[in-house]
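Scroll down for the structure; my scribbles are underneath it.
Treat the numbers as computed from the prediction; the structure is a model and nothing was measured. FYI, the numbering just counts along the sequence from 1.
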Amino acid sequence: MRSATPSPVTLGFYIKETLRQAWPVLISSWAGIAFGGIDTAMAGHASAADLQAMALSVSIYITIFVGLMGVVHALIPILAQHYGGGRYLDVGRTWGQGVWLALGLSLVGAATMLFPDFWLMLSGDVEPAVRNGITWYLRALILALPATLVFRTIYALGAAVSRPKTVMTINLISIVFKFLFNWLFMFGKLGLPAMGAAGAGLSTAVVGWLCLGMGLWVLRHDPYYTRFKPTLGRLHWPVLKELLRLGLPMGGSYLVEVCAFSFMALLIAREGMFVSGGHQIAANLAALCYMMPMAVGVASASLTAQAIGANDFKRARKTGLAGLLVVLGGALITATLLIVGRPLILEAYTDDLQVAAVAATLLQIIPFFHLCDAMQCIGSYLLRAYKVAVVPLLLQIVALTGIGLIGGWWLGFGAGAGALRPLIDVLMPGAPTGAATMWLMALTGLGLSALLLHSWYWHVVKAHGRSHSRQPA
């Protein structure tokens, strides 16, 4: 078993191990985010109204789904520590409790998506056609939620036991089905009615259940997984309590991160359909870039948690350092590509010249946004490997919500509106004041979050190192 081997001395070994596990997670994450990319691109070629409906619908759904997904992802460090300690049957039993948790959370999420008007209060006067598209999109996604959350337990299991290619393969297959069903439902092919944005939601539901079916088939037939004896079992409160103790603050942390995008979209909708569409392109691109640090974060957290489960804290520390270096290097490369490839990016996203003009101004800040986003991402994931989630949540509330979101609202749409216009003219010339202000303040909040999380991470690492050194040999 990998966790029982002596700790290698070279940092290069840990970087290779991180990359070996991260690339399938990255491909899987890109495949998953491709759903949003396909929806946005196809809606952009349908109409500006469909693009705005997509922007607002996705903002609402992602806010709900990511918060619930964060709770389910508590499985990753817990399962990884069981795996690292050789407790294979505990891996299977804990996964089953995670399924129960996912099913319960899907009911909570469904209830919140039934009332889109509550979310749209922040967006001002939304056109009736757009509002109708949002309502039906979210109703279709209610059907998808149980499947997508339970599939996340399979994702967590694969990541925790160093088997990320399982979900990668399923997600790659799902892209083909997503494009096909979008084409059928959105544009009304083969005799079906053209449903626009609502059709994209329906296709997501169909593909979600197909993915879950494939994942469960693999768990039942792949010998790598059958040794854990994954089974649903009865509800077991002690395990559920552990999942909730870690998962609730993790879900809160995920929610704080995504709320910046969600409420930005809802507020920016006040500046009109074309500004909202341009913002959605920038937000979707930022989310696509985020998949790199997230993939490395998942890989690093899993490997670090395995080392912690095996009581090898030296290996845990070196694995974390390797993850930090990989993310920094990847973020610099990504930022360069964003600068060089900006014209091609705009062409791929939309044919609407007014939407493209707004997006072009906002994309000027995305490379810097990504650098800060990447570093705060890896910091939060490494802390989760040590089952530390409450303090990171508090730090992110201060930085991302207090500085980024509330500060962005105050300076962009509140009493301080227009105060950052001189800075916007330097960094993002031509950008709409409200949207540009929200992006600048989000960037500031991410930078502060990165500094705070990394400071706390090294505090936790040192504390575990001292505790381990005092234990008898």
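One finds no salt bridge joining Lys318 and Glu17 here, because no Lys/Arg side-chain nitrogen approaches an Asp/Glu carboxylate oxygen to under 4.0 Å.
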Could you go through the side chain to side chain contact (heavy atoms under 4.5 Å, CB included) check for Tyr386 and Val461 one step at a time? CA-CA 9 Å; Tyr386 288 85; Val461 169; 3.8 Å; yes
Pair Leu101-Leu240, side chain to side chain contact (heavy atoms under 4.5 Å, CB included): steps then yes or no: CA-CA 7 Å; Leu101 178 62; Leu240 282 172; 4.2 Å; yes
Show, in sequence, the C-alpha distance, side-chain angles and deciding distance for Phe65 and Leu149, and conclude whether the side chain to side chain contact (heavy atoms under 4.5 Å, CB included) test is met. CA-CA 8 Å; Phe65 176 73; Leu149 282 177; 3.7 Å; yes
What's the verdict on side chain to side chain contact (heavy atoms under 4.5 Å, CB included) for Ile15 and Val326, showing C-alpha distance, side-chain angles and the deciding distance? CA-CA 7 Å; Ile15 291 177; Val326 170; 3.8 Å; yes
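By the 30° and 60° cut-offs, the orientation of the rings of Tyr88 relative to Tyr83 is parallel.
Side chains of Leu26 and Met294 form no contact here, defined as non-hydrogen atoms less than 4.5 Å apart. Residues Trp209 and Pro146 have side chains in contact (heavy-atom distance under 4.5 Å, counting atoms from C-beta outward). The side-chain heavy atoms of Tyr349 and Leu285, taken from C-beta on, include a pair separated by under 4.5 Å. Considering only heavy atoms from C-beta on, Leu184 stays 4.5 Å or farther from Ser203 through its side chain. Residues Leu325 and Leu11 form a side-chain contact, since some pair of their non-hydrogen atoms from C-beta on lies under 4.5 Å apart. You'll find the side chain of His82 stays beyond 4.5 Å of the side chain of Trp95, heavy atoms only. Side-chain contact between Met250 and Leu246 is present, with heavy atoms from C-beta onward closer than 4.5 Å. Between Leu321 and Arg317, every side-chain heavy-atom pair lies at or beyond the 4.5 Å cut-off.
Figure legend: cation-pi geometry between Arg227 and Tyr224, with NZ or CZ positioned under 6.0 Å from the six-membered ring centre and within 45° of its axis.
More than 12 heavy atoms of other shown residues, nucleotides or ligands fall within 6.0 angstrom of atom NZ in Lys387.
Not a single donor-acceptor pair under 3.5 Å links the side chain of Ser253 to the backbone N or O of Pro249. Gln97 places no side-chain N or O within 3.5 Å of a backbone atom of Thr94 that could act as its donor or acceptor partner. Looking only at distances, no side-chain donor or acceptor of Thr304 sits under 3.5 Å from a matching main-chain atom of Ala301. Distance alone, capped at 3.5 Å, is enough to place a donor-acceptor pair between the Thr169 side chain and the Lys165 backbone. Checked by atom type and distance alone, the side chain of Ser449 never pairs as donor or acceptor with a backbone atom of Gly445 at under 3.5 Å. Looking only at distances, a side-chain donor or acceptor of Arg87 sits under 3.5 Å from a matching main-chain atom of Gln81. No donor-acceptor pair under 3.5 Å is formed between the side chain of Ser300 and the backbone N or O of Gly297.
To the nearest 0.5 Å, atoms SG (Cys377) and CG (Leu446) are separated by 10.5 Å. To the nearest 0.5 Å, atom OH of residue Tyr381 and atom CD1 of residue Ile378 are 9.5 Å apart. Separation of atoms CD1 (Ile170) and OH (Tyr155) is listed at 13.0 Å; rounding is to 0.5 Å. Leu145 contributes atom CG, which lies 10.0 Å from atom CG of Leu103 (distance to the nearest 0.5 angstrom). Considering CG of Leu243 and OG1 of Thr153, their distance stands at 11.0 Å, rounded to 0.5 Å. The line from OG1 of Thr401 to CD1 of Ile406 is 6.5 Å long, rounded to the nearest 0.5 Å.
Closest of all the heavy-atom pairs between Ala335 and Leu371 is CB-CG, 4.4 Å. In plain terms, the two heavy atoms of Trp30 and Leu288 that are nearest each other are NE1-O, 3.3 Å. Here the closest heavy-atom approach between residue Ala159 and residue Gln21 is recorded as O-NE2, 3.0 Å. Nearest heavy atom pair, residue Leu440 against residue Ile365, reads CD2-CD1, 3.2 Å. Between Val275 and Ala435, the shortest heavy-atom contact is CG1-CB, 4.1 Å. Val256 and Gln396 get closest at one heavy-atom pair: CG1-O, 3.5 Å.
A donor-acceptor pair shorter than 3.5 Å can be found between the side chains of Ser162 and Gln306.
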